[in-house]
2 protein chains.
Amino acid sequence: MAKDNQVSITVIRRLPKYYRYLTELKEKGISRISSQELSVLTGFTASQIRQDFNNFGGFGQQGYGYNVEDLHRELKRILGLDTEYNAVIVGAGNLGQAIANYKGFEDAGFKVLSLFDRNPKVIGLKIRDIEIRDIETIDSFIKENNVQIGIITTPKESAQAVANIYVKNNIKGIWNFAPTDLVVPDNVVVENVRLNESLFILSYFLRTMEEK
Amino acid sequence: MAKDNQVSITVIRRLPKYYRYLTELKEKGISRISSQELSVLTGFTASQIRQDFNNFGGFGQQGYGYNVEDLHRELKRILGLDTEYNAVIVGAGNLGQAIANYKGFEDAGFKVLSLFDRNPKVIGLKIRDIEIRDIETIDSFIKENNVQIGIITTPKESAQAVANIYVKNNIKGIWNFAPTDLVVPDNVVVENVRLNESLFILSYFLRTMEEK
DNA sequence: ATTTACATGTGAATAAATTGACACTCTTTT
DNA sequence: AAAAGAGTGTCAATTTATTCACATGTAAAT
């Protein structure tokens, strides 16, 4: 199989969709699936699917297809979902609270340990059982709690400062909801969620559709 | 210039980033910018930027570059941000409320008129001045309020049913936060926000980074 | 057992996206 | 008014991604 040099980001961004459908198939008790059938589900071509999986070594069997459970497990491992992550959120506004409240992330192995904010009105409140703490206390919290992921749900003006705090405290993964580009060292990963941009894309296609 | 057949989705997905930086430049009072300078800001290559803009007709001037205000206005028009949209949200949980609460969308021309839910405990509540209404009343609301965009922030189990409601009421743009693929007619645009998938990508790179 | 159908993995062909290079035009300087 | 500098628009080259096609191995059927 060989872990080779580098799988392209184009391929990586398709993996979660495979994983989602495989989870569904597994839940339905379906034990085998062909690239052709996966193609119908995902909308990617069968050939593309086979090529994608081959980046990580062939998981399939000629004349049979893929074993759902095996493939699911492999994708889970590839995506790093076979370990637990601890996360904290800075920015305890609605979005931060919404994320803290969403059970789905915890089910996937991402545990939000605490929210942080500077607003005294929210400090001390709890979302589920997750406490909102004073941002001033974040350094020691991260050190004491083995936090691997930092989530940013502040306004864009504060986002870089929060990123700096995360970096300083040796956090290697940042999930950024603020509409700005963060500057971080090479060994830190930033994944952005661009709600604005997504909405603009929708707007573009709405407009384009109208013109037809 | 010629509006040609079809600009590739790859190009389209870069436009919001250009638009974001141009908005910043405009706010700073900067009046001209070259593709080279934009390249430094956005991380795309200068050549790519020129190619991208040329899909919509050249907005630049040789020896000068691009006029920030003009380019900003063009992108605004291309993205369909020069018109106002009315939106409704189905699913008045934390995420729905967070979106309703976010002033940024309104500033960009997207006005959330109402939230809808089936849970009697939240019906009647207000987020800012946006009322949460009974989902049973959505048909007439959409008809009476010229709604163009439907937002889905329900659990995945209800998402397709909500999409059906939107389609039935002649909504042509759906912004979907539920982790499922919606089936809609060809003339309806769906833009998905995949929070789970985004988090999984972060997890992938965290894992990959560790292994180095 | 043998045959038939199936479906992967892979190498080659095609298509799409990115990068490179430069002629040409406009701006600015002298 | 002329010369120098800057930077677009575009065509060509390269790289990357997708699709095609099939040899080969496996499973199921007879």
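All chains are named by letter (A, B, ...) in the order of the sequence lines, taking the proteins before the strands, and each is independently numbered beginning at 1. Side-chain atoms are counted along with the backbone in the values below, which use heavy atoms only and exclude waters and symmetry mates.
- Protein atom CG of L71(A) is 11 Å distant from nucleotide atom P of dT8(C), rounded to whole Å.
- Of the side-chain N and O atoms in N54(B), none sit less than 4.0 angstrom from OP1 or OP2 of dT8(D).
- Among residues two or more places apart in sequence or in another chain, the ring pair (Phe, Tyr, Trp, His ring centres under 6.0 Å) test is passed with F105(B) by Y102(B), W175(B).
- Sorted by first then second residue, the salt bridge (charged side-chain N to carboxylate O under 4.0 Å, His left out) pairs that include residues 19-32 of chain A, not counting sequence neighbours, are R20(A)-D181(B), R20(A)-E197(B).
- Counting only residues at least two apart or in different chains, salt bridge (charged side-chain N to carboxylate O under 4.0 Å, His left out) contacts with residues 94-105 of chain B comprise K103(B)-D107(B).
- The distance from atom CG of L38(A) to atom C1' of dA7(C) is 13 Å, rounded to the nearest whole Å.
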*Reading DNA chain D 5' to 3', what string of ( ), [ ], | and . shows its pairs, if Watson-Crick and G-U wobble pairs count only when both distances fall under 3.5 Å?*
||||||||||||||||||||||||||||||

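- Contacts of Y66(A) with the nucleic acid, taken as non-hydrogen atoms under 4.0 Å apart, involve only primed sugar atoms and P, OP1 or OP2.
- Atom CG in D52(B) sits roughly 14 Å away from atom C1' in dT10(D) (whole-Å rounding).
- Between the side chain of S34(B) and the base of dG7(D), no donor-acceptor pair under 3.5 Å is found.
- In this view, D70(A) and R73(A) satisfy the side-chain hydrogen bond (donor to acceptor under 3.5 Å, both in side chains) rule, not counting sequence neighbours.
- Using a 4.0 Å heavy-atom distance criterion, T45(A) is classed as a sugar-phosphate-only contact.
- By the 6.0 Å and 45° rule, K17(A) stacks over the aromatic ring of F44(A).
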*Scan nucleotides 22-30 of chain C nucleotide by nucleotide, 5' to 3', and note B when protein non-hydrogen atoms come under 4.0 Å of the base, S if they reach only the sugar-phosphate, - if neither.*
--BBBSS--

Pairs of donor and acceptor atoms involving the side chains of residues 146-158 of chain B, under 3.5 Å and at least two apart or interchain, shall be tabulated with distances.
residue : atom : partner : partner atom : Å
Q148(B) : OE1  : N86(B)  : N            : 2.7
T153(B) : OG1  : V90(B)  : O            : 3.2
T153(B) : OG1  : G91(B)  : O            : 2.6

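- Between Q36(A) atom CD and dA5(C) atom P the separation is 18 Å, expressed in whole Å.
- As a whole-Å value, the separation of E37(A) CD from dA7(C) P is 7 Å.
- When the salt bridge (charged side-chain N to carboxylate O under 4.0 Å, His left out) test is applied to R118(B), no partner is found at least two apart in sequence or on another chain.
- Applying the salt bridge (charged side-chain N to carboxylate O under 4.0 Å, His left out) test to pairs two or more places apart or on separate chains, none has a residue in residues 36-47 of chain A.
- Rounded to a whole Å, the CG atom of D70(A) is 14 Å from the P atom of dT8(C).
- Here K168(A) pairs with D139(A) under the side-chain hydrogen bond (donor to acceptor under 3.5 Å, both in side chains) rule; sequence neighbours left out.
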Contact list (N/O, under 3.5 angstrom) for nucleotides 12-17 of chain D vs protein:
residue : atom : partner : partner atom : Å
dA17(D) : OP1  : T10(A)  : OG1          : 2.8

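- Listed by chain and number, the residues in a side-chain contact (heavy atoms from CB on, under 4.5 Å) with E74(A) are F59(A), R77(A) (sequence neighbours excluded).
- With rounding to whole Å, I49(B) atom CD1 is found 9 Å from dT8(D) atom P.
- The pair E191(A)-K172(A) does not count as a salt bridge, with every side-chain nitrogen at least 4.0 angstrom from each carboxylate oxygen.
- Salt-bridge check for D52(A) with R14(A): passed, with a basic side-chain N closer than 4.0 Å to an acidic carboxylate O.
- When rounded to the nearest whole Å, the span between CG of N55(A) and P of dG9(C) equals 12 Å.
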